[in-house]
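Take a look at the structure below.
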Amino acid sequence: MKSKKKRAKQKKLPYIYNRKWRDKSETDTPKEIQPVIRFKSKIEGKSVLKDLVQGNIEIENNTIEDFVILRADGSPTYNLSASVDDHLMGMTHIIRGDDHKINTFKQIQIYDAMNWKVPSFAHIPLIHTIEGKKLSKRDNASTLDDYSKIGIMPIALRNYLLRLGWSYKDKEIFDLDESIKYFNLEGIGKSPSKLDISRIYSINEHYIKNIDENDLFNFLITYCDTFHEKITDLAQKKIKNSLHFLKNKAKTLEDIYKNSKFLINDRVQIEKEDKKLLDETAIKIIKLFSNEIIKLTNFTRETLEPIINDLIKNNNTNFKGVGQPLRICLTGSKFGPGIYDILSALGKEEVSRRLSQIR
RNA sequence: GGUCCCUUCGUCUAUCGGUUAGGACACAUGGUUUUCAUCCAUGAAAGAGGGGUUCGAUUCCCCUAGGGACCGCCA
């Protein structure tokens with residue numbers, strides 16, 4: 001058989017099992033081989049699958065070969081196992097990928113042969129990569145874990161996947177209750193859709209900014225524990241208090257984590273590139289700022305703003321001239337949360353401590 | 001190659017015979033801003049092609065093209 005198949009492929013002819021043993025009796029079986037058991041599939045006529053998504057699909061029965069249901073070792077193949085299992089489990093609806101369409105014609109014949117009630121089928125289109133091919137496990141962003149790793153929240157991915165290949169009017173954001181309430185088979189499109197990572201980021205960002213802050217906090221801590229580092233109770237407290245501004249600049253949990261690093265680590269590490277930005281004037285401004293804040297009893301935006309404004313005026317510079325050195329000294333990075341957010345999150349003592357280490 | 005399926009902006013999609021073809025993401029420009037980002041405004045951007053049916057087709061039918069899935073003693 002193997003050789004026949006090869007020949008068919010070379011000649012580019014359709015291969016179909018020749019049904020050689022279809023009508024032989026059991027006694028004709030050669031003794032020296034372990035036979036497989038094939039299903040005596042319909043040869044005449046057509047079959048119609050009333051698919052809940054795809055509509056009616058018609059196929060000539062003779063294009064379905066006598067498929068194997070028991071292997072040589074006696075174990076059942078997928079099509080037999082799936083049919084039996086689904087029947088025994090009382091399945092009423094089978095919703096699965098498009099790639100199972102042909103199997104359905106085989107499985108329906110098994111149901112019929114057993115006189116079982118045939119369930120309803122819905123074959124949903126596959127998800128394609130951006131290149132337009134079936135998404136497979138080999139693709140680097142195909143598993144849930146891949147998305148968790150980059151800080152995509154489950155609820156965001158759920159929302160994205162819900163809207164991929166399905167729609168309800170112009171609605172884009174669905175919480176869990178709405179997903180259940182509005183989802184239906186009728187809204188599913190027939191053509192495969194491509195996975196668009198920027199859309200996933202965008203929805204994730206929406207959830208980061210709009211869900212309850214306690215929920216966000218829990219997602220974040222779980223994420224850090226799993227993929228980065230264990231966050232101490234003290235650091236957790238600091239993050240929780242600052243989450244309202246940390247989340248503003250984030251598309252992913254990873255972004256929030258990065259923005260929180262200055263709260264997690266007490267030691268500030270300044271990159272070489274950034275160190276260059278701390279020239280004489282910058283250091284001078286830092287010193288002046290340090291001296292000013294010592295006098296403060298309240299350490300808030302209201303009390304800090306006049307100090308910074310004076311520094312800008314007296315040193316003939318702009319906000320960047322003061323804000324950037326401060327940010328670098330306090331967080332080790334040019335980028336990050338707003339300077340007043342950083343200052344009040346760290347508090348007067350910590351700010352003084354970090355600035356005193358600059359020389 | 002055979003069988004089956006699909007086809008509206010770059011992407012996800014709305015439209016169920018009559019619309020300036022709508023929205024969202026992404027993109028571009030401008031504004032706000034304190035870096036990065038957010039936010040706001042504006043803009044560019046689509047019915048694969050050809051035939052029918054019809055007063056009228058993105059919408060219904062046919063053909064062509066393009067794309068996809070399946071073609072295992074895998075699931």
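Proteins get letters first, then strands, A, B, ... in listed order; numbering begins at 1 in each.
Using a distance-only test at 3.5 Å, with no hydrogens or angles considered, a donor-acceptor pair links the side chain of A:Lys348 to the main chain of A:Ile294. Remark: side-chain polar atoms of A:Tyr257 are not paired, donor with acceptor, to backbone N or O of A:Ile221 under 3.5 angstrom.
Minimum atom distance to the side chain of A:Ser167 is reached by B:rA14, of the listed B:rU38, B:rA75, B:rA14. Side-chain proximity of A:Asp99 to B:rC12, B:rC70, B:rA75: nearest is B:rC70. When each of B:rU3, B:rC70, B:rG23 is scored by its nearest atom to the side-chain atoms of A:Lys134, the top-ranked nucleotide is B:rC70. With distances taken from any side-chain atom of A:Ser202 to the nucleotides B:rA26, B:rC73, B:rU34, the minimum falls on B:rA26. Of the candidates B:rC12, B:rU38, B:rU34, B:rU34 carries the atom nearest the A:Tyr340 side chain, counting heavy atoms from C-beta on.
Two residues, A:Gly187 and A:Asp170, neighbour RNA chain B, and the one matched to the more 5' nucleotide by heavy-atom proximity is A:Gly187.
Looking at heavy-atom distances under 4.0 Å, A:Asn79 makes no contact with the nucleic acid at all. Among the protein residues, A:His128 comes within range of the sugar-phosphate backbone only, with heavy atoms under 4.0 Å from sugar or phosphate atoms but none that close to a base. Across all strands, A:Gly336 comes closer than 4.0 Å to base atoms (heavy-atom distances). Within 4.0 Å (heavy atoms only), A:Gly338 reaches at least one base atom of the nucleic acid. Within the nucleic acid shown, A:Pro125 has no heavy atom closer than 4.0 Å to any nucleic acid atom.
Taking a pair to require two hydrogen-bonding distances under 3.5 Å in either a Watson-Crick or a G-U wobble arrangement, B:rC60 pairs with B:rG52. Shown here, B:rA41 forms a base pair with B:rU29; the pair counts as Watson-Crick or G-U wobble because both key distances fall under 3.5 Å. When both distances must be under 3.5 Å, the Watson-Crick or G-U wobble mate of B:rG1 is B:rC71. The partner of B:rA65 is B:rU7, judged by Watson-Crick or G-U wobble contacts that both fall below 3.5 Å.
The local environment of CG in A:Asn56 is crowded, with over 12 non-hydrogen atoms from other residues, nucleotides or ligands closer than 6.0 Å. Surrounding NZ of A:Lys171 are more than 12 heavy atoms belonging to other residues, nucleotides or ligands, all under 6.0 Å away.
Separation of the P atoms belonging to B:rG18 and B:rU59 is 11 Å when rounded to the nearest angstrom. Taking atom C1' on both nucleotides, B:rC73 is separated from B:rU15 by 49 Å, rounded to a whole Å. The separation of B:rC9 from B:rG47, taken at their P atoms, amounts to 7 Å, rounded to a whole angstrom.
Here the C1' atom of nucleotide B:rA37 and the CD1 atom of A:Ile342 are 13 Å apart, to the nearest Å. What separates CZ of A:Phe335 from C1' of B:rC36 is a distance of 6 Å, to the nearest Å. Regarding A:Asn159, its CG atom lies at a distance of 15 Å from the P atom of B:rA24, rounded to whole Å. In this structure, A:Ile94 atom CD1 and B:rA75 atom C1' are separated by 14 Å, rounded to whole Å. Straight-line distance from the CD atom of A:Glu65 to the P atom of B:rG72: 6 Å, rounded to whole Å. Rounding to whole angstrom units, CG of residue A:Leu157 and P of B:rC12 are separated by 17 Å. A straight line from CZ of A:Phe105 to C1' of B:rU3 spans 10 Å, rounded to a whole angstrom. Between the CG atom of A:Leu246 and the C1' atom of B:rC36 there is a distance of 14 Å, rounded to whole Å.
For the 3.5 Å distance criterion, the side chains of A:Thr252 and A:Asn204 fail to qualify, holding no donor opposite an acceptor.
Neither OP1 nor OP2 of B:rA24 sits under 4.0 Å from any side-chain N or O of A:Lys171.
Proximity of the aromatic rings of A:Tyr78 and A:His100 is defined here by a centroid distance below 6.0 angstrom, and this criterion is met.
For A:Lys101 and A:Asp98, the salt-bridge test passes: some basic side-chain N is under 4.0 Å from an acidic carboxylate O.
Residues forming a ring pair (Phe, Tyr, Trp, His ring centres under 6.0 Å) with A:Phe289 (at least two apart in sequence, or on another chain): none.
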Please write out each protein N/O paired with an N/O of nucleotides 4-11 of chain B under 3.5 Å, distance rounded to 0.1 Å.
unit_1: B:rC5; atom_1: O4'; unit_2: A:Lys101; atom_2: NZ; d: 3.4
unit_1: B:rC6; atom_1: OP1; unit_2: A:Lys190; atom_2: NZ; d: 3.2

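One donor-acceptor pair, N or O on each side, does fall under 3.5 Å between the base of B:rU35 and the side chain of A:Lys249.
A side chain to side chain contact (heavy atoms under 4.5 Å, CB included) with A:Leu220 is found for one member of A:Leu243, A:Asp225, A:Leu246 and no other, namely A:Leu243.
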